[in-house]
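Remarks on the structure that follows.
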Amino acid sequence: ATAQAPLVKKSAGESEEVLVILYERAFPAVAKFVSRMGGSLEAARDIFQDALIIYLEGSAQKSTVIHTSKEAYILGIAKHLWLRKYQRDQRHVPLSEAEHRISLPEDFFPDVRTRRLLRFLEVSGKKCMDLLRAFYYQGLPVKKVVDVLGYANEHSASVQKYKCLEKIRTVVKEKSLTYDDFTE
């Protein structure tokens, strides 16, 4: 273990001199570590200053026992501070960066034909929408539809699907539309 001289000297000039020496000896190692971890020079300065303050507070209270050099101790504090900051920052993504990470499919916003079809499907009611969604959108087999939607058996689910489709066909006919209005 290295014998540690007290950091705080009798005069302010001597204390400043010690701080300059610590900065010259410890900062390059902190900057190198932060750089390897993807941080900027400014981030390295911030981390170093925080580490130096923690070191100074510990040495002023004389509660900290250092078993390495002052420089290594400050580097250890800086590593700990950087890793804690890095983990905290990983949970937060800036909105500008989130916009680039999220991609919407081209058909995310329904076109006019799709909106018209959805309105006709809504006329059929919630139960029909759920049933048709299960069959056509989710592609579930009849057995699964029976289990998920609670029909008595496969036949009753198939009959209900037919009735729902007929209801929609009737509405489309009443509105004097053709199926070509919804297809290309």
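Heavy atoms only, all atoms of each residue included: V30 and A44 are closest at CG1-O, 4.0 Å. Contact detail for G39 and W82: the closest heavy-atom pair is CA-CH2, 3.6 Å. Nearest approach of V145 to A134, heavy atoms of both residues: CG2-CB, 3.9 Å. Residues A51 and A78 share a closest heavy-atom pair of CB-N, 3.8 Å.
Put simply, CZ on F48 and OH on Y55 are 11.0 Å apart, with the number rounded to the nearest 0.5 Å. Rounded to the nearest 0.5 Å, atoms CD1 (I47) and CZ (F27) are 11.0 Å apart. Atom OG of S158 sits about 10.0 Å away from atom OH of Y151, to the nearest 0.5 Å. With values rounded to the nearest 0.5 angstrom, L52 atom CG is found 8.0 Å from Q49 atom CD. Once rounded to the nearest 0.5 Å, the distance linking CD1 of I168 with CE of M129 reads 8.0 Å. Atom CG of L22 and atom CG of L56 lie 7.5 Å apart (nearest 0.5 Å).
V159 and Y136 fall into different hydrophobic clusters, where Ile, Leu, Val, Met, Phe, Trp and Tyr residues are linked whenever their side-chain heavy atoms come under 4.5 Å apart, directly or through other members. I21 is not connected to Y23 by any chain of hydrophobic side-chain contacts under 4.5 Å among Ile, Leu, Val, Met, Phe, Trp and Tyr, and they are in different clusters. Y137 and L149 fall into different hydrophobic clusters, where Ile, Leu, Val, Met, Phe, Trp and Tyr are joined by side-chain heavy atoms under 4.5 Å apart, directly or via other members.
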CA sep, side-chain torsions, deciding dist, call: E166, K163, salt bridge (charged side-chain N to carboxylate O under 4.0 Å, His left out): CA-CA 5 Å; E166 282 303 306; K163 287 180 180 179; over 6 Å; no
As a quick check of understanding, evaluate side-chain contact (heavy atoms from CB on, under 4.5 Å) for L131 and K127, giving each step before the final call. CA-CA 6 Å; L131 179 65; K127 285 186 179 182; over 6 Å; no
Does the pair L165 and L132 meet the rule for a side-chain contact (heavy atoms from CB on, under 4.5 Å), with working shown? CA-CA 8 Å; L165 291 172; L132 295 174; 3.9 Å; yes
As a quick check of understanding, evaluate side-chain contact (heavy atoms from CB on, under 4.5 Å) for L81 and D46, giving each step before the final call. CA-CA 10 Å; L81 291 174; D46 291 343; over 6 Å; no
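Applying the salt bridge (Lys or Arg N to Asp or Glu O under 4.0 Å) test to residues at least two apart or on different chains, the pairs with a partner in residues 25-42 are R25-E71, E42-R45.
Under the salt bridge (Lys or Arg N to Asp or Glu O under 4.0 Å) criterion, D130 pairs with K126, R133, sequence neighbours left out.
When side chains are defined from C-beta on, L83 counts as touching M37, because their heavy atoms get closer than 4.5 Å.
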